[in-house]
Amino acid sequence: MSKTLHSELDYIQGFIDVRKIDPSPYQHRRHFDEDKLRELAASIQREGLIEPIIVRPIDKRYELIAGERRFRAVRDFTEMKTIQAQIVIASNLQTRRISAAENIQREDLSAIETIEAIVEIVDAELIEDTQYASMGKKPADRVKTLLGKLDSVRRSEGLGYEVASEAKLTSNKFIGSVQEIFKNLPKPVKWLSFYLNDLPLLMDFCKDIQDISIRHNLNKSQTRALAKLKEASDGEFQRVTAHPQRPPDSEMGYVISDSSQINIRDLSAREIEDIADKAAKRERQIELSRARVRPSLSLEAKIVLMNRLGIPVDRIATRLKVNRKTVLNYAHNPRLFKSIRELLEKGVSVPEVSEHNGCPEPLVWSIALEGKSDQDRFESLNWGLRTWDHWYFNDLDQRFGDSWPGQIPAQLVAHTLFYFTQQGDLVFDPMAGGGVVADTCLAFNRKCWSFDLVDCHETRPEIEPHQWNPEGLLWPVRRKEKPDLIFFDPPYFKKQENQYTKDSISSLSRKEYLGFFREFFPLAKENSKTRARIGFLNADWRDFQGVSALNEDPGRSILLWDYMNILNRSGWEITHIIDCPMSTQRFQANIVAQMQKNRTLGIVRRSLIIGRKK
């Protein structure tokens, strides 16, 4: 490509005063290693300038087109007053094309600079086309838009879909030129591979990642691994990139040392990813184990929280004992939202933003995750997304929910939301306890109406007080809006009954306990949307303590089958039964030994029964 450009123009050889040369406006190189410039300067002084720089005359001065390293080495690190140059009369577009072609043939290009050079070549070749020029303000934006259009047409045609005539015309117009440009690069590359694999490094990675990648001349795999490290732990990222390291051999994957130090460039992508994985694991453990005390909330925080969960204005006003106008004034509180967003944009952590603004962490998460898909939310929260019907019960994430008897993991709730609801749906939690469901709904952009016996007005205003009287159940709200999902995690029969209030259903007799559900499930069906779902979390109950499995009395048990039978008779069709096991390691060795001796078979399985309205 550069030979063609050079052959079209006339060059004049000459020596030019270095003080009359201005830098090129088309130079996109960000990093010049001073040590290497000194080495180059010494070489030029010994052997002369083997390849002249290229300039063009501009208003009695000269503008550099190619050869900036040679120019800087002579100007900054030698006593030379003049430099050998090829002088050419060239337009702005010709100058840009020469600069781009010369730039990509450098041997010391990093991965990011190579991508930038290819973008510059593509843009310089196509910029005279007005349709292409209108595709963005910057070269990278224009190239991404064009290649995205070509890829969209390619995928649609591959799937047999009909392609819009305008899109087809655009593809036919540009595809030949694009293929020719990428074919004629010094190192040819497929345009689709460049669009899918290379361009995201330039468009999606932050400037810190790109600058370090260029400074240390990292390849694409190392650069991607470095981005993974920054996402996992900014602290580890700063340490790894700020100091030389030895190859990974410590718990965190590297050792800072005064001896045997090497550059980050000498760490492979796998080694950097290993550091990232270990850092993410450590950060997650710290976060999950961090003790939290939910503070009393201000009136404005209460209103914003309840409004964010989709609680109607009249109920908020009644709950907080304020008028509707006050609720409406605070509901979309611009001051609070602005403060939270500004701090998040500065990289302040969610706990710190929460503390600074006096609002719950889940509320901050709801703002931090705005616009993200459910899968992105799982990733942002460092949760794995399980694709099978086996969701662990022990992974309590202390960021969501208060300490509560029978507290359930937010991940379990999140999986239920992912598979059985859409963003914006309404979830109903009839026995909210520590508020895990409401907190998780905030993080996953679902509305949530929560109710419980215990009234925590100052810390949990979103959980409205309601008693489910077994002698006559009443639905707590009467509105046209009905839930898409009822997530029901009741106190289990006879389990931890001493930790609940005396009015808890866990203290009922077996007959009364089952009778409660015979009343509740039809009521839930009546007050939910057509085709609504119910998620019922419970476990088998058997009177197995100190009794061998052979001698258990099944007449004293309440099994999952009993609940499913009641659900089915109440108009709910069972669609899924999801295992949510607890770890057996929670039992002490002496208890396990006694159970083995008595041939006692314990229960660690929890099950989430999903039903759909018939």
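When a residue number appears, it is its place in the shown sequence, counting from 1.
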CG on Asp374 to OG1 on Thr421, rounded to 0.5 Å
7.0 Å

Run the salt bridge (Lys or Arg N to Asp or Glu O under 4.0 Å) check on Lys228 and Asp277 step by step: do they pass?
CA-CA 9 Å; Lys228 181 179 178 180; Asp277 290 340; 2.9 Å; yes

Between Tyr62 and Asp17, does any side-chain donor sit less than 3.5 Å from a side-chain acceptor?
no

Would Leu192 and Arg154 count as a side-chain contact (heavy atoms from CB on, under 4.5 Å) here? Give the steps.
CA-CA 10 Å; Leu192 182 59; Arg154 178 195 66 83; 3.4 Å; yes

Value rounded to 0.5 Å, distance of CG in Asp204 from CZ in Arg224
11.0 Å

is_close_aromatic(Phe420, His576), centroid dist under 6.0 Å
yes

Tell me whether the centres of the aromatic rings in Phe378 and His415 are closer together than 6.0 Å.
yes

Salt-bridge contact Arg142-Asp129 (side-chain N to carboxylate O under 4.0 Å):
no

Criterion side chain to side chain donor-acceptor pair (under 3.5 Å) on Gln131 and Thr170, from CA distance to verdict:
CA-CA 9 Å; Gln131 182 182 356; Thr170 299; 3.1 Å; yes

Evaluation steps, side-chain contact (heavy atoms from CB on, under 4.5 Å), between Thr416 and Val427
CA-CA 11 Å; Thr416 308; Val427 179; over 6 Å; no

In a check of ring pair (Phe, Tyr, Trp, His ring centres under 6.0 Å) between Phe182 and each of Trp191, Tyr195, Phe194, which one passes?
Phe194

Please tell me whether Phe400 and Trp383 form a close aromatic pair, meaning their ring centres lie under 6.0 Å apart.
yes

Report yes if the side chains of Leu64 and Val55 come closer than 4.5 Å at any heavy-atom pair, otherwise no.
yes

Note: Asp274-Arg270 ion pair, threshold 4.0 Å (strictly below):
no

Please determine if Glu180 and Lys183 form a salt bridge, counting it only when a charged side-chain N lies under 4.0 Å from a carboxylate O.
no

Can you name the closest pair of heavy atoms from Pro52 and Ile50 and give their distance?
CD-O, 4.0 Å

Can you find a pair of side-chain heavy atoms, one from Ile112 and one from Glu116, that are under 4.5 Å apart?
yes

Of all the heavy-atom pairs spanning Leu426 and Cys448, show the shortest one and how long it is.
CD1-N, 4.0 Å

Determine, stepwise, if the pair Glu370 / Arg308 fulfils salt bridge (Lys or Arg N to Asp or Glu O under 4.0 Å).
CA-CA 12 Å; Glu370 282 177 327; Arg308 198 85 172 176; 2.7 Å; yes

Would you compute the distance between atom CD1 of Ile16 and atom CD1 of Ile83 and round it to the nearest 0.5 angstrom?
8.5 Å

Pairwise side-chain contact, Phe444 with Leu381, heavy-atom cut-off 4.5 Å (strictly under):
yes

Closer than 4.0 angstrom, basic N to acidic O: yes or no for Asp76 and Arg72?
no

Closest contact, heavy atoms only, Ser233 versus Ala279:
CB-CB, 3.9 Å

Nearest 0.5 Å please: distance from the CG atom of Leu49 over to the OG atom of Ser43.
9.5 Å

Is Asp141 paired with Lys144 through a side-chain N to carboxylate O contact shorter than 4.0 Å?
no

Show the nearest heavy-atom pair for residues Arg377 and Leu369, with the distance to one decimal.
NH2-O, 3.1 Å

